[in-house]
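Structure first, commentary second.
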Amino acid sequence: MAERERSIHEMLKDAPSLNDSCGAVHTGTEGGSMVIGSSSSHSIIGSGGSVGPFSAPNSLPLRNHSAPTTPMSPISPPSGNGSLSPTDSGSGSLIRTSASKIDSIKNWSISTYKCTRQIMLEKLGKSQRTVDSELEAQIEQLRETQRKYLSILRLTRAFSSHFQHVVVTQHALADSFADLAQKNPELQKEFTCNSETQRNLTKNGELLLNALNFFISSVNTLCNKTIDDTLLTIRQYETARIEFDAYRMDLENTKPELTPSATALEETQRSYAQHKEQYEKLRSDVAVKMQFLDENRIKVMHKQLILLHNAIAAYFSGNAIALESTLKQFNIKLKSPNAATGSWLEQ
C-alpha cells in the first residue's frame with residue numbers, strides 16, 4: 001500500500017503544471033484583449049491575436065462583431081440607350097391622365113360657377129337673358145298639354161279600375177244565378193234569365209275594358225315617352241341658353257374694363273363662339289322636334305279619341321255588334337281583364 005502511494009506521488013510530480021496547460025479557457029473578441037486564467041501569472045493576447053509563442057486556437061474562430069451585416073440593395077444600372085422603362089412609361093401615362101382629369105374638373109367648376117351666377121343675376125334682374133318668344137310660347141304650351149294629357153290618363157285609369165271591379169262582380173253574379181237555377185226548379189226560368197243578362201254584360205264589359213286598356217297604353221306612350229323625349233331636348237336647350245348668356249355677359253364685361261392680354265381676350269371670344277354655336281344648334285333641334293311631335297300627337301289622339309267614343313257609346317247603348325266592330329276596326333286583341341278569376345271567354 002505504501003509503495004502504491006509513493007508511485008502515485010511520483011506520477012503527479014512528473015505531470016505538467018496546470019498553470020502551463022494549454023487547456024485553459026480563452027475568452028474575448030478580435031481586436032480586444034484575451035486573458036488566459038492562471039493563479040500565478042497572466043498572459044495577454046493583444047490586437048494581433050497572439051501572445052509570445054502561442055497563437056489563437058483553431059477551434060475558436062474570431063469574428064468581428066462590430067462589422068456591418070446589412071447587405072446593400074442592388075441598384076439597377078440605367079439603360080444605355082436613354083429610353084424609358086415600362087414603369088417610367090406607365091408613370092408618364094398616369095400623370096397625363098391625372099392632368100386631363102384635373103383640367104376637366106377645373107373647366108366644369110368654372111362653367112358651373114358662371115351658370116350659377118347667371119341664374120342668380122337673372123332672378124335679381126341684374127342680367128338680360130336671351131329670349132325667343134315664339135319658341136318659349138310653344139314650349140310652355142307643350143308642357144301644359146302634357147299636364148292635361150296626364151290628367152286624362154289618370155282619370156281613365158281610375159275609370160278602368162272601377163269598371164273592372166264591376167265586370168268581375170257581374171261575372172260572379174251570373175255564376176250565382178246559374179247555380180240557383182239548377183237548385184230551384186220553381187224559379188229556374190227567372191234565375192236563368194238573370195244569369196244570361198249578367199253574362200252578356202260581362203262579355204260587353206270585357207270588350208270595353210280592352211278598348212280602355214288600349215287607349216291608356218297609347219296615351220301613356222305619348223305622354224311618358226314621346227313628349228318626354230322632346231322635353232329632354234328642351235332641357236338641354238335651356239341649359240345651353242344659360243351657358244351662352246353667362247359667357248356672353250363675361251365677354252361684354254371684359255371689353256370695357258381692364259384691358260386684359262390678347263390671349264385672355266381670345267380665349268373668352270372662343271368660349272363665347274363655342275357656346276353660341278351650341279345654343280343655336282339646340283334651338284334648331286327643339287323647333288324640329290316640336291313640329292314632328294305636334295303632328296304625331298294629333299294623329300295618335302285623333303285615333304284614340306274616336307276609339308274611346310265609339311266603344312263607350314256602343315257599350316252603354318247596348319249595341320254589342322257595334323262594340324265588337326269597333327275593336328276589330330282598331331285591331332285590338334281581346335284580353336280578359338279578370339284572367340285570375342277565369343273568365344268565360346277563356347273557356
Would [X] and [Y] show up in the same hydrophobic cluster when neighbours are defined by side-chain heavy atoms closer than 4.5 Å?
| X | Y | answer |
| --- | --- | --- |
| L251 | M249 | no |
| F177 | V168 | no |
| L207 | V167 | yes |
| I139 | V288 | no |
| L153 | L305 | yes |

Mind listing the closest non-hydrogen atom pair of [X] and [Y] along with its distance?
| X | Y | result |
| --- | --- | --- |
| R143 | L231 | CG-CD2, 3.9 Å |
| A178 | R199 | CB-NH2, 4.1 Å |
| A320 | N204 | CB-OD1, 3.4 Å |
| A246 | R117 | O-NH2, 4.3 Å |
| I152 | T156 | O-OG1, 2.7 Å |

Check whether any side-chain heavy atom of [X] sits under 4.5 Å from a side-chain heavy atom of [Y], and report yes or no.
| X | Y | value |
| --- | --- | --- |
| H171 | D175 | yes |
| T226 | V300 | no |
| L222 | Q304 | no |
| L187 | L180 | no |
| I332 | L307 | yes |
| R241 | D132 | no |

For E186, all residues meeting salt bridge (Lys or Arg N to Asp or Glu O under 4.0 Å), sequence neighbours excluded: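 Result, salt bridge (Lys or Arg N to Asp or Glu O under 4.0 Å) vs E186: none returned.
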Partner set under salt bridge (Lys or Arg N to Asp or Glu O under 4.0 Å) for K276, not counting sequence neighbours: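 Applying salt bridge (Lys or Arg N to Asp or Glu O under 4.0 Å) to K276 gives none.
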Residue pair E144, R147: steps toward the salt bridge (Lys or Arg N to Asp or Glu O under 4.0 Å) verdict: CA-CA 5 Å; E144 181 66 22; R147 284 192 291 269; 2.5 Å; yes
About how many Å separate [atom2] of [Y] and [atom1] of [X], when rounded to the nearest 0.5 Å?
| X | Y | atom1 | atom2 | value |
| --- | --- | --- | --- | --- |
| E190 | N184 | CD | CG | 10.5 Å |
| S160 | L155 | OG | CG | 12.5 Å |
| T116 | L121 | OG1 | CG | 10.5 Å |
| N200 | E196 | CG | CD | 7.5 Å |
| Q236 | Q278 | CD | CD | 8.5 Å |
| M120 | K126 | CE | NZ | 10.0 Å |

Treating [X] as the side-chain partner and [Y] as the backbone partner, does any N or O pair qualify as donor plus acceptor under 3.5 Å?
| X | Y | value |
| --- | --- | --- |
| S161 | R157 | no |
| H302 | I298 | no |
| T197 | C193 | yes |
| S195 | F191 | no |

Quick check: are there more than 12 heavy atoms from other residues, nucleotides or ligands sitting under 6.0 Å from [atom1] of [X]?
| X | atom1 | result |
| --- | --- | --- |
| Q141 | CD | no |
| E277 | CD | no |
| F159 | CZ | yes |
| Q291 | CD | no |
| E134 | CD | no |

Between D228 and Q146: side-chain donor-acceptor atoms closer than 3.5 Å: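 Result is yes, a qualifying pair exists.
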Working for salt bridge (Lys or Arg N to Asp or Glu O under 4.0 Å), residues E252 and R248: CA-CA 6 Å; E252 291 175 354; R248 176 181 57 80; 3.2 Å; yes
Pairs where residues 203-243 contributes a residue and the test ring pair (Phe, Tyr, Trp, His ring centres under 6.0 Å) is met, not counting sequence neighbours: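 Output for this query lists Y237-Y279.
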Listed partners of K225 passing side-chain hydrogen bond (donor to acceptor under 3.5 Å, both in side chains), at least two apart: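 Here no residue qualifies.
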Full working for side-chain contact (heavy atoms from CB on, under 4.5 Å) between L212 and L208: CA-CA 6 Å; L212 290 172; L208 178 59; 4.2 Å; yes
Steps toward side-chain contact (heavy atoms from CB on, under 4.5 Å) verdict (M301, V219): CA-CA 8 Å; M301 290 306 296; V219 176; 4.2 Å; yes
Verdict with supporting geometry, L282 and D285, side-chain contact (heavy atoms from CB on, under 4.5 Å): CA-CA 5 Å; L282 285 172; D285 292 345; 4.2 Å; yes
Listing, residues 321-330 side-chain donor-acceptor contacts under 3.5 Å, not counting sequence neighbours, or none:
| from | atom 1 | to | atom 2 | distance (Å) |
| --- | --- | --- | --- | --- |
| S325 | OG | I321 | O | 3.3 |
| S325 | OG | A322 | O | 2.8 |
| T326 | OG1 | A322 | O | 2.8 |

Lys/Arg-Asp/Glu bridge criterion (N-O < 4.0 Å) met for R129, E136: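 The answer is yes: the pair qualifies as a salt bridge.
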Member of K289, M290, E238 meeting the side chain to side chain contact (heavy atoms under 4.5 Å, CB included) criterion with T233: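 Filter result, single survivor: K289.
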Counterpart residues, ring-ring contact (aromatic ring centres under 6.0 Å, His included), relative to Y149 (two or more places apart):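 For Y149, no residue satisfies ring-ring contact (aromatic ring centres under 6.0 Å, His included) once neighbours in sequence are set aside.
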